[in-house]
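We name chains A, B, ... by the order of the sequence lines, and we start the count at 1 in each one. As a basis for the values below, the full set of heavy atoms in this structure was taken, side chains included, without hydrogen atoms, waters or symmetry mates.
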Amino acid sequence: MKLSPGLRAVLRVFTVLLLVIIYTPLLLVVLNSFNASATFSWPPQELTLHWWKVAADSTGARHALWVSIQVALLATLISLVLGTMASLAMRRTRFFGRNVVSLLIILPIALPGIVTGIALNNAFRTVLGLELGFLTIVVAHATFCIVTVFNNVQARLQRLGTNFEQASMDLGAGRWTTFRLVTFPMLRSALLAGALLAFGLSFDEIVVTTFTAGSQQQTLPIWIFNNLFRPNQAPVVNVVAAVLVLLSAIPIYLAQRLSSGVTQSAAAAP
Amino acid sequence: TDSGDSSSDSGSGGFTAPDVPMKKSLGETEGEVSILAWPGYAENGSSDPKVDWVTPFEKKTGCKASVKTFNTSDEAVTLMKTGEYDVVSASGDASLRLIASGDVQPVNTDLLTNYADISSFLKDRDWNSVDGQMYGMPHGWGANLLMYRTDTVKPAPTSWSAVFDEASTYDGKVTAYDSPIYIADAALYLMNTQPDLGIKNPYALDQDQLAAAVDVLKKQKESVSEYWSDYLKEIQAFTTGDSVIGTTWQVIVQVAQGEKVPVQAILPDEGSTGWSDTWMVKADSDHSNCAYAWLDHMASPETQAAVAEWFGEAPANLKACDLTSDPKHCDNYHAGDSSYADKIWYWTTPVEQCIDGRKDVKCTNYGDWTQAWTEVKG
Amino acid sequence: MPTAISLRGLSKHFGDVKAVDDLDLDIADGEFFSMLGPSGSGKTTVLRLIAGFEQPTAGRIELGGKDVTGRPPFARDVNTVFQDYAIFPHMSVRQNVEYGLRVKRVPRADRRARAEEALATVRLEGYGDRRPHQLSGGQRQRVALARALVNRPQVLLLDEPLGALDLKLRRQMQIELKQIQRDVGITFVFVTHDQEEALTMSDRIAVFNEGRIEQLATPVELYEQPASSFVAGFVGTSNLLEGPVARDVVGSDGQFVVRPEKVSMLAPADAPAEDGEHCVARGTVREVVYLGAATHSVVDLDAGATLTVAHQNTDRSIDAALERRGQQVLLVWSRDSLVPLGGNDAVPAGSTTGRQPSSPEENTP
Amino acid sequence: MPTAISLRGLSKHFGDVKAVDDLDLDIADGEFFSMLGPSGSGKTTVLRLIAGFEQPTAGRIELGGKDVTGRPPFARDVNTVFQDYAIFPHMSVRQNVEYGLRVKRVPRADRRARAEEALATVRLEGYGDRRPHQLSGGQRQRVALARALVNRPQVLLLDEPLGALDLKLRRQMQIELKQIQRDVGITFVFVTHDQEEALTMSDRIAVFNEGRIEQLATPVELYEQPASSFVAGFVGTSNLLEGPVARDVVGSDGQFVVRPEKVSMLAPADAPAEDGEHCVARGTVREVVYLGAATHSVVDLDAGATLTVAHQNTDRSIDAALERRGQQVLLVWSRDSLVPLGGNDAVPAGSTTGRQPSSPEENTP
Amino acid sequence: MLWLGVAYLGALGALFITSLWQQNDFTGAIERVWTLDNFRDLFTIDVYRTITFRTIAIAALVTVVDALLAFPIALYMAKVASPRLQRLLVISVLMPLWASYLVKAYAWRGMLSENGLIAWLGAPFGIDTPGYGLPATTIVLAYLWLPYMILPIYAGLERLPDSLWEASADLGGGAWTTLRRVVLPMAFPAIVAGSIFTFSLSLGDYIAVRIVGGTSQLLGNVVYDNVGAANNLPFAAAVATIPVVVMVIYLAAARRTGALENL
Ligand SMILES: Nc1ncnc2c1ncn2[C@@H]1O[C@H](COP(=O)(O)OP(=O)(O)OP(=O)(O)O)[C@@H](O)[C@H]1O
Ligand SMILES: Nc1ncnc2c1ncn2[C@@H]1O[C@H](COP(=O)(O)OP(=O)(O)OP(=O)(O)O)[C@@H](O)[C@H]1O
Ligand SMILES: [Mg+2]
Ligand SMILES: [Mg+2]
């Protein structure tokens, strides 16, 4: 069905406008990374590459970036495993608490980050007696990242039905073989989409991280948070952010290349 | 105006510190130490390779230092309670709380070679000692000044009344520090304008005094553009003109002026609040030798100079003044000026026992202040 | 002939729904066995029980004489062709067909050869490298068939495999499927709700109704001697005579069915002699429907019921038939063609009864 | 009769695909007009062009004499019953039916009355408050119909409305739909790929092939006088005689079709006298298929082709027919029944040709 | 699964229990004495009620703004754009999620300031920046969470069969009528799904409001100030139960619309 030409035109204009609004702050970040003023006064009086040089020397930023990537990768991995298992379990067993479980999985993301943050902080420290550190960040991130994988896989499984798996078993494949040869390959793009979102979610998370990170580990957002409040460091943060904006295109582009179905299911997911 | 140095040297209003053992002698360093610091206090070159006094410390002592930063004193207290940090750079509004809860140990100043060079007006004060026993190594200090834009604020203010009773002159352009401790600024102002209230120490307020301060702040709020809590926000606001007058730190003034923002800062007639930071050691630290080494390192002239300049404050060790790259740094920050320092009421945690010596009333504690501050902001 | 499948007292309940209700059934080796019935009558459930996708509430399932009741699907020597084919979309046609052999660890060369052979059986040589989405409906159906056949199972279960195809294609596939079954000699259990399909293809047919078998017979028996009005109504168009009409026309009480093609339509003047061998009824032609190969005339009997009369269009002109609309006619049929029904257990589904001539009645309420 | 729809030089191309190719067509007021054709032949596209969901690449569309080519769907006095019904799932049955009136701002009381009336027409009184998901397939189909009918459009477009129903239900709905069309007198344009459906219901049928109309005729004409082997093959079972077989059996060159039901099967001994009025061919019965009402015999002619012969089962016993399997027989048909085909334009889809007797050929490649 | 069930719920439960304890104000130590004081304070002191309502109002406003912005663009993506463009747009919408939250917030701070981009661009048209405060907070939060709204709505519209649009047009419904009567109600569960994100994220935010909120504070700030600053975990926990209760009610309501299947 074609929408009427008038409506299409209105929508097109609106979309363009909105994209401009969405990207203006990001462009500003990039622009400000060249702004000579340490406080990004507008309009920029003078442009400089100075901050880029400073940022290039910032081992703290690089280290934090590396921590963030590790955390995000691990959290994503855990969510992939747990999220897939959860959605498979939900489907197999028709136990009555289906709704309860799905609500439970949504809860960590649906509840405000600060609540999740202090709840986990409280649990790690006082209940479990864990030392805050790399592991606690990963676990905390995995807790709220599971939902993206879970939702994606759930939606995909629903669309696929149980027929393919039954066909596989009918042809003599055991449960594990069926998973390996049939279920998993068909879930792949949903998993990719879920992973992409999980990674993104973890990578930019700051509130929960604040409460679950120990002294030793700084993720990039925490580094940014700390450095924004350091004299003369804000422009460096801008450089880092600008780099992030540019870099973020890569994984998304890759994901898109890997599977055209991803964007579709990515939409179903956040 | 009254001198800020009000309370006796005997320490804070009669509360007894928990019995935490003090270190008697130094031993082998343990190879690591974990540090909780204000941003900019413990730089290891990761932000800027030229700004680094952690690495020299590690080289010198063999203690591997890991640094975590906090953004408010309250956060520092919270983080200290996790027991993961061996040393902390505690401001006056945090230190007593740490002492009272037994989270930090008394410090044996005899074991610290640089202690002797510390300005005497920073030693044995309310916020870093109990009953004459030091609980840490003074680090640096600064005042909460009154900053204004010279192009819009005329004539130049001389009193805090510019941001309180006359705040409406700059309606919607006033700024203030975003923390319960800012109540003390209002109390200090009241101490001068309404002597009837009987405020002797802005950190010792009874219910009525607190209510009066809160009223002042609530009225002020009508003219406030925003409350600030970090440099960047404050500098930006003055640069863009979103704020034209309000409390500030010396470092902000320096940066803003460096950016050619037309601002000036003064220490108003009434005096002001301020902070003096102290390095403290965790009560049962497993790395106490490294912790002492860190304290000593931080008090050394070289480090003091580097920190004071990078962070923007007055060094505690005046020997540092010769080593700063800006020879006027100590003058700018009034480092050795004890009369200037005397006009400052350093941040101190409000507690139930009134630290001004009153015995007949109960003072409001920090929890009350937090709640009052929430109410002020509305 | 040995028994391929034997079901004993098989029941499957979903909550209150008795999807399958105490079923006993034996299917012989090499038989083309069909299950026919309206939607929801339990056909699929029986198939799934045999395949092992569902566990019975009660009863026993034997395959080739061995009890397999508790076994999982992959441990039963049975293969299924699913209604929607369930071809793995991420594998090529060849990989699909090889799948069963692959999971049984048949060596690569061997399974390649057997897959090619199976593809040849369903006449899809050269399609091995295609992806499922590049195939038409009929081709997909054949891939599903090949994928099942390649395992040489004892029994092949087919759940409405032709349901999704259009009529033309469906007719072709019917012929082909039957051909394949003859060639490979495997027992086929075929589910359909298309009566004509069941009639043309099957050795025996079980008509299901509400989880039970209503009648189990060869196609000819089923059509010519339906056991109940339900079967009569479900298999073919049936004319039901009952009550006063039956008394009037047939001369006795009870329910009788006569098939449209058994009835001749004569001009009232041509009334045959009363010989006791024939039933005769007078009526008016209400409607004439042209079907191409045949013409159906719907006749309102003077006695009260409505009968459909089928007439093969041997002539090129059907004008004669069409002209009869509205005319008085005489319907005549042999008493041999009259089928008395036993138990009046079920409502005749969709049969033209006396009262509501051409009213449709949902059999899926 | 005035013209309800008139298409002039209508084309619709999707990239390289000519979905509809220079079509001229007039549909009369009150007509039940069917479009029949294999998948992908352009039927739906024509319907969508008429409804206004697509804009033609070239050509003109007139409704009731007025050019509506550029108009949007909501400005055309045409309503559609969609293949998947497209019933709004978030509205009750009544709200669905009222929708068209509501957007036209018909007062509430009025539209309530008209909706009830429309629901009564499709025999769904009392279902107004149900939700679509509480309805069976047949009921949904009728809601879609009521929703369209309530607007009293000039023309009703129906895109395979019965495609999703099972055979039994489908037959019932066919009768009912035809009844409703007669009652309301609206022009129906009905798309189907089921030939029998088209034959029973339509006043006229257009057979589509690759975006063009292959033949436009009444059901009887279409079946009895197919214009091409494509039509002959698509509508009904056809026996094609061509080349040497035609020369041998018919006695002249060309392509000929004879319908199975026109052919009589005799014992070889019963050979009729050569009268020039009949064709006679000798052959062997390869296969006998029981269809219930009729039996099909597949006969390999000695001359080379394979013919299907249909025989109405007037007898209760079909043993005689089954016994003929493998026997020599004589096929006889009147020359009147022989349809010579004009242009040999298309490959006969699915017709039984001389070489590959019962091989299925996909018409959806 | 187990982790989720036990640990997460356990953590929440422990938090709730903590809210029933009290704290020594000076030492900051938690005293395990059962008390409802925290909740009493919460309900009796006016300011908390004001903040709660303000926070819910802001979260609701952000959600509405996001829905209004997201719907047209999602519609464009799902029903107008070519498949290629569709994928491109999904990426364009996803990408800002990767840029740092803080940096984006500060970028907005710059744009909203007195001499910032908005004032600069708006000056010729007589448009001024809203300055810092609740409007600015709403704008920034709406900006930050917009992608979380666009994606579910896009997916929801994508699933909507074309034939329903056509059916409406066929029955005489113009574009606007069709949108209002068919598309919007059908897309509603997807919108609710998106709103779960925008609403909950706004409900818990305390950083954006500090950056552009001027003098305002939200529930998140109160929680943060009490846990991070005053170290009054029991009271913070008590405050934190407010958003939890609000969200649980919200989720329960959302479940009825079938939104949870649309996440
Ligand atoms: N998993 C299930 N849960 C609950 N009820 C079920 C389930 N599967 C089937 N049923 C019920 O069992 C009955 C028989 O269903 P079944 O699928 O066997 O019918 P069918 O004869 O195959 O029908 P169709 O021709 O529609 O495929 C129906 O009433 C159906 O609703
Ligand atoms: N939107 C479209 N874009 C590209 N090609 C299309 C589109 N719609 C239809 N076609 C093509 O146009 C041709 C005719 O399609 P149409 O849907 O009209 O066939 P049909 O006769 O209705 O078939 P069916 O019986 O399968 O419904 C087909 O080849 C189809 O692939
Ligand atoms: Mg079934
Ligand atoms: Mg079509």
Exercise for review: Could you tell me which of C:P89, C:A51, C:G52 has the largest number of non-hydrogen atom pairs under 4.5 Å with chain A?
Suggested key: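 Most heavy-atom pairs under 4.5 Å with chain A: C:P89.
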Review point. Taking C:G100, C:A75, C:A86 one by one, which has the highest count of heavy-atom pairs under 4.5 Å against chain A?
Key: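 Greatest number of close heavy-atom pairs with chain A: C:A86.
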Point to revise | Sequence-distant partners of C:F32, ring-ring contact (aromatic ring centres under 6.0 Å, His included), two or more places apart | key: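 Only C:F188, C:F190 meet the ring-ring contact (aromatic ring centres under 6.0 Å, His included) criterion with C:F32.
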**Study point:** C:F53: partners by ring-ring contact (aromatic ring centres under 6.0 Å, His included), with sequence neighbours left out
**Key:**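 Per chain and number, C:F53 pairs via ring-ring contact (aromatic ring centres under 6.0 Å, His included) with C:F82.
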Check your understanding: What pairs with A:T84 under side-chain hydrogen bond (donor to acceptor under 3.5 Å, both in side chains), at least two apart in sequence or on another chain?
Key ->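 Per chain and number, A:T84 pairs via side-chain hydrogen bond (donor to acceptor under 3.5 Å, both in side chains) with no residue.
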Can you check whether chain C and chain A share any donor-acceptor pairs under 3.5 Å, and give the atom names and distances if they do?
unit_1: A:N163; atom_1: ND2; unit_2: C:D84; atom_2: OD1; d: 3.0
unit_1: A:N163; atom_1: ND2; unit_2: C:D84; atom_2: OD2; d: 2.8
unit_1: A:Q166; atom_1: OE1; unit_2: C:R48; atom_2: NH1; d: 2.9
unit_1: A:S168; atom_1: OG; unit_2: C:Y99; atom_2: OH; d: 2.6
unit_1: A:M169; atom_1: O; unit_2: C:F74; atom_2: N; d: 3.3
unit_1: A:D170; atom_1: O; unit_2: C:N79; atom_2: ND2; d: 2.8
unit_1: A:D170; atom_1: OD1; unit_2: C:T80; atom_2: OG1; d: 2.9
unit_1: A:D170; atom_1: OD2; unit_2: C:N79; atom_2: ND2; d: 3.4
unit_1: A:D170; atom_1: OD2; unit_2: C:T80; atom_2: N; d: 2.5
unit_1: A:D170; atom_1: OD2; unit_2: C:T80; atom_2: OG1; d: 3.4
unit_1: A:L181; atom_1: O; unit_2: C:H90; atom_2: NE2; d: 2.9

Review point. Do you know the tightest heavy-atom contact between C:F74 and A:A173?
Key: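 Scanning both residues completely, I find the closest heavy atoms to be CD2-O, 3.2 Å.
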Practice item. Measure across A:F164 and C:I87 and return the closest heavy-atom pair with its distance rounded to 0.1 Å. Key: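 Heavy atoms of A:F164 and C:I87 come nearest at CE2-O, 3.0 Å.
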Review point. Using non-hydrogen atoms only, which part of C:P72 is less than 4.5 Å away from chain A: side chain, backbone, both, or neither?
Key: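 It is the side chain, since no backbone atom gets that close.
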